[in-house]
Amino acid sequence: MQQSRHNSKLAKRTAAWKPGLLPFLIPLVLLTLFSLWSYTPSHSPLAWLITICWALPVPGVLVSVQGFLLIRRRLRKAHLMTPPAPVEQDFLIVLVPTIGRHDTYPALERSVLSYVEHLPEWFPYLRVDVLTEEGCEAAERIDALAASSPLIRVVTVPKAYRTRNGTRFKARANNYAHELRIAEGEALENVWVLHMDDDTGVGPDTSSALAQFINRQRRATPEEVKHMAQGILTYPRENAVSLVTWFADAIRPADDIARFRAFTGLGTPAAGVHGELLVIRASIEAEIGWDFGPKEIVEDARLALTFCRLYPGRSDWFNGRCYGASPANTKDFVKQRERWAWGLVALCFNRKVPLRYRWFLTICVTSWILGPLQHVGTILFVAWFIGDMNTSPVTQSVVILWSISFAYVIWAYWEGLRLNAIASVNGRRKWWEPLVVLVLLPYFSLIEGLGGIRGLWKFIRREENKFVVIAKPA
């Protein structure tokens, strides 16, 4: 009864949500006025460094602003859309790869049980495939979990399995599952694969929004039909071990409703996608596959850029959430970002992907890695160190660009924290939490940038690729 009441409240909160404008507009006005007032012309080396670092994020920021404005426009027209209904003509396969360690099993169990609880109401034709490696340490516990529901199937990747291109890590497992679907005759247009991480569950809003998207493709004309879509990743407070990393991960749902909404929602996921709450037709996945080679550790982003080339204009975004868990501590947070940066930098230099599909990602990754250099605190420290306290860029227009970028960062953490709070049991932020998040922005920039720089350094040193799986909070 208590769980049912929570689900009902959660569904109402998510339905009532729309991204706010004031948390962006108020900082934008104040920062612009201050930066114009304090501007002093300079052509020093520091001024040129500031100019480059502050101008670099602008393309990504403008795209992100477009993204959350598109959500507001779509929500205003929500009453004109066909209401969600059960998916009667399509088959949904939830694919959950897991390393199968004992420390990751509790999160896996939480996630898989949420699929069994929430998805059948909207998907009468459903199967949950838990993808494991042969001989994984939690195999018995995973088998017992599968025995608890006829909807769950364990798919075991044999140790001897090799792809044609020698792909490793999670992409290798995904490729095995995709080959198995082909062999079983499931690589069809009316079969959808929902990719989820083993620490990421779903809720009532997830299943209804996903059903609405899939049914909409049945009614779409051939020119309008979509083959892939992405939702929002949120982090309920109850899944967090560390309050600091929970605050720091406010940026991730904000990214989903901004940058990913703009590109993926407009049809071409040039900003990449993330590996959870990603739904794709089995027939399309069968054409792309996951056999990207042994150095690929950001297989989801590589899939997105390949999709851009083969199916431009055929992706979408849907207003459903999945519910994950932030890293347990700052060390794991940095490790996670390091792996992403390592893989994304390699992807940005991958000539097998045409430049027209990776240029925007390259700008975003460069801006991320140089994030600490864009922060006021870093600039003031460098100015003090070299004895030149004039921290103005070369031209006054750059301070306006900086104001837009900084206002967006404030909005992203403010709105991301709000989304994570809505996903939590009590559904609201504590009064002091937004203030603490704003105070901690320099620290968040530091640990994000530290992970990015470490990933870049490993790429430069050409270290052997490693797919680091951090412990997953239950």
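No hydrogens, no waters, no symmetry mates; every other heavy atom, side chains included, goes into these values.
- Ring pair Phe213/Phe318 is parallel by interplanar angle, where below 30° counts as parallel and above 60° as perpendicular.
- A salt bridge is absent between Asp197 and Arg110: the closest approach of a Lys/Arg side-chain nitrogen to an acidic carboxylate oxygen does not fall below 4.0 angstrom.
- Aromatic ring pairs are classed by plane angle as parallel below 30°, tilted from 30° to 60° and perpendicular above 60°; the pair Phe68 and Phe24 is perpendicular.
- The distance between the ring centers of His274 and Trp340 does not fall below 6.0 angstrom.
- Looking at heavy atoms from C-beta onward, Leu70 lies out of side-chain contact with Trp317 at the 4.5 angstrom threshold.
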**Asked** Could you walk me through whether Arg261 and Gln66 pass the side-chain contact (heavy atoms from CB on, under 4.5 Å) check?
**Response** CA-CA 9 Å; Arg261 168 60 185 92; Gln66 179 192 25; over 6 Å; no
**Message:** I'd like to know whether Glu299 forms a salt bridge (Lys or Arg N to Asp or Glu O under 4.0 Å) with Arg302, so could you lay out the CA-CA distance, the side-chain angles of the two residues, the decisive distance to 0.1 Å, and finally the verdict.
**Reply:** CA-CA 5 Å; Glu299 69 292 327; Arg302 178 65 183 278; over 6 Å; no
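- Using a cut-off of 4.0 Å between Lys/Arg side-chain N and Asp/Glu carboxylate O, Arg127 and Asp129 are scored as salt-bridged.
- In this pair, Tyr413 and Phe444 present their aromatic rings parallel. The plane angle is below 30°, not in the 30 to 60° band.
- Between Asp249 and Arg337 there is a salt bridge, since at least one side-chain N of the basic residue sits less than 4.0 Å from a carboxylate O of the acidic one.
- Ion pair Lys159/Glu133 not flagged as a salt bridge, since none of the NZ, NE, NH1 or NH2 atoms sits closer than 4.0 Å to an Asp/Glu carboxylate oxygen.
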**Message:** Let's go through Val225 and Arg314 carefully: what are the C-alpha distance in whole Å and the side-chain angles of both, what is the deciding distance for side-chain contact (heavy atoms from CB on, under 4.5 Å) to 0.1 Å, and is it a yes or a no?
**Reply:** CA-CA 7 Å; Val225 71; Arg314 298 296 184 169; 3.4 Å; yes
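- For Trp432, the CH2 atom counts as densely surrounded, since its 6.0 Å shell holds more than 12 non-hydrogen atoms of other residues, nucleotides or ligands.
- The ring of Phe91 has its center no closer than 6.0 angstrom to the ring center of Phe123.
- Within the 4.5 Å cutoff, side-chain heavy atoms of Arg72 are placed close to those of Pro19.
- Under a 3.5 Å cut-off, the side chain of Gln230 and the backbone N or O of Glu276 do form a donor-acceptor pair.
- With respect to Glu184 and Arg153, a salt bridge is recorded, a charged nitrogen being found less than 4.0 Å from a carboxylate O.
- The residues Lys170 and Asp300 are annotated as not salt-bridged, no charged nitrogen and carboxylate oxygen being separated by less than 4.0 angstrom.
- Remark: side-chain polar atoms of Ser114 are paired, donor with acceptor, to backbone N or O of Val202 under 3.5 angstrom.
- With a 6.0 Å cutoff to the six-membered ring centre and a 45° limit on the axis angle, Arg321 counts as a cation-pi contact of Trp17.
- Taking 4.0 Å as the cut-off between side-chain N and carboxylate O, Glu186 and Arg181 do not count as a salt-bridged pair.
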